[in-house]
Amino acid sequence: MDKLKKFLTYLFLSVAAVVSIFPFLWMISSATNKSVDVTKGKLMPGAFLGENLKKVLDTIDIGPALWNSAKISVTTTIIALLIASLAGYGFEIFRSKAKDRIFSILLLSMMIPFAAIMVPLYRMFGGISKVIPAIGIDTMTAVILPSVTTAFLIFFFRQNTKMFPKDMLEAGRIDGLNELGIFFRIYVPTMKTTYAAAAIITFMSSWNNYLWPLVVLQSPEKRTIPLLISNLGSSYAPDYGVIMLVILIATLPTAIVFFLMQKHFVAGMTGSVK
Amino acid sequence: MKKLLVLLFATVLVLSACSSKSDNGGNKGGNAADTSKITVWAWDPNFNIKALNLAKEDYAAKDSKLTVDIIENAQNDIVQKLNTGMSSGTTKGLPNIVLIEDYRAQSFLQAYPDMFFDLSSYFKAEDFADYKLGPTSVDGKHYGLPFDSGAAGVFVRTDYLKEAGYTLADMQDITWEQYIEIGKKVKEKTGKNWISLDPTDLSLIRMMTQSTGAWYLKEDGKTANIAGNEAMKEAFEVYEKIMKANIVKPHADWSQLVANFNSGDVASYPTGNWFMPSIAAEASQSGKWGVAPLPKLSKTPNSVHAASIGGSSFYVLNVPGKEKAAEFLGATFGSDSDLYQKLITEVGAIGTYKPAAAGDAYKQPNEFFGGQKVVEDFAKWTAEVPKVNFGMHTYAIEDILVVEMQNFLNGKKLDQVLKDAQSQADAQIK
């Protein structure tokens, strides 16, 4: 009976694993096939990886797009982590009724979809462009600014701060640290795993962000990777082998970031303080 | 810890420095006050972009000071960018010239009338196919310069036809019922399917409806015209007959569609002339294809052997540099017959500029299509396409019809199907 149970469990898990990993494998094998083979549904890896790679390097400006995406994602992640952790820390450590109310309003803003605020946001940046063109429409800063802090991230840090032992604050104060010192020297090192989890979440969403960069970036040389991929699929006869290869390349950075921080990520999601 | 912090801040600084540097460096996408440069947005590097580059080369001889910056964007991305930019009333970052598909044109022209520049005085509208002027103009003012023809025909494998005892001559001047009969015979003799269809794309219905001079919307372009639309009713019936005749190979996307023909699995396809390069891509099938005129509806009066599918036009936005942009369009796509010959030989794009049809490129026999003068044929059909007002909601209504079509194929009564679609459309587009 136990054996049967175990067998069924593994069977179910194997099926689930195949279902979730199959598209990924297909993408990889498609990157090594000709477009015609991809459309015919060929699943096995082919011999066209070199040819596809040559086409990508010859015809697509993938380097600058990767660099743009990297600049935007890394900057966004660093600033967002700093702001959101300070805010989450403040909301939890220095609690008051008024702050709790502000926090619930902040949480409400999570319910508003981005599409709803996109037009006013664009209008705002249009206005900014007239005064300070360097941070207006068609600049990297315009992509970064709206996403440097999200209600979700503040919420995430606040929840995790609940588990932060308050005694350590007292200890820090007795030892003569000022409040900022406590934050940077005690809180930040203790919450490393939370930071890692938040970094992965922010980096991934920033790397994959499509809608806002699409409307705010105009010059082709500022394009990010998702915009580049969208373009590749736009022609009347898209080359699927090449597209899959570009997508594969675009997936690598997020995969690397994830695998590097995987251990911390799991710990951060399940509660960080030991 | 301190080291880490310093490192973090240094990274932020370096990165933001990088980004601001490139900001100052290239302000190319926007309509800078500098009017010696114009920006164009279009999609598809092998078709529209290629055509624009030819025009740019030509124009360089006429005005060498003007820089034309052609930027490739996916069609849906252009729609999204235009909608956001225009609805926020910010012209910053918008291009001077933009390519818009004819089905969508009115939704932009009507929603943002101040954003477009009147081109009436920059080209002669009567030089262009009549049906193109419907979607591109408002109240007699021409905002769009017509580009490629969406004139439809039936691409058909003549070798399969022959096996079934037909020739291309049997495909002239036929009704859709006859088209289905030939298909059944071909399937019987060759085992090949007759047509490839995507259940979520009703381009067949669109072509049949337009061939009678009717459309999803009434002539005002705003009221849905579904219940009581005789042309659509018959189109739905024909569609059902095609589906039930066991001659359809389904496809889910563009790549499968093309594969169905390149692999030789499907024998015919009624669609726009822009499909020609995709068929000709399979060189081994050279000489085995022909193009027949579109079949017509048998019951609905006024149905002709012509309709358009797809096709787009150029629009000039009301931003600095608009006069230069309009002059550029007027001197190239608006009046240059030689350019249109090059478009055919180098891009495979058939324009809608009538005087160009007298040129040599139009009269060349095409070996791939068994020596048929396909371009001349398509040019002839372009002139016959009935002019309809695509209005503002073609795609919104099509989304409704796709669902109702499935209900119809599953046995729902046709009158009820159209009535339901009408009420849904009324509720949605008001």
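All chains are named by letter (A, B, ...) in the order of the sequence lines, taking the proteins before the strands, and each is independently numbered beginning at 1. Below, all heavy atoms of this structure are taken into account, side chains as well, without hydrogens, waters or symmetry copies. Owing to the predicted nature of the structure, the values given are computational and were not obtained by experimental measurement.
- The CG atom of A/Leu217 lies 7.0 Å from the NZ atom of B/Lys81; values are rounded to the nearest 0.5 Å.
- For the atom pair CZ of A/Arg123 and OG1 of B/Thr84, the computed distance is 13.5 Å after rounding to the nearest 0.5 Å.
- The part of A/Tyr210 that comes within reach of chain B is its side chain, from C-beta onward, which places non-hydrogen atoms under 4.5 angstrom from that chain.
- Of the listed residues (B/Pro277, B/Pro45, B/Ala74, B/Gly85), the one with the most heavy-atom contacts under 4.5 Å to chain A is B/Ala74.
- Side-chain atoms of A/Gln218 and B/Lys92 include no donor-acceptor pair closer than 3.5 Å.
- Side-chain atoms of B/Thr90 and A/Lys130, non-hydrogen and from C-beta on, never get closer than 4.5 Å to each other.
- In terms of heavy-atom pairs under 4.5 Å with chain B, the best-connected choice from A/Leu214, A/Val215, A/Val119 is A/Leu214.
- Between the OG atom in B/Ser88 and the CE atom in A/Met118 there is a gap of 9.5 Å [rounded to 0.5 Å].
- Of the candidates B/Asn73, B/Asn76, B/Asp77, B/Asp77 is the only one forming a side chain to side chain contact (heavy atoms under 4.5 Å, CB included) with A/Ser230.
- With a 6.0 Å radius and a threshold of 12 heavy atoms from other residues, nucleotides or ligands, A/Trp212 has its CH2 atom above the threshold.
- Only the side chain of A/Leu211 comes within contact range of chain B, with at least one heavy atom under 4.5 Å from a heavy atom of that chain.
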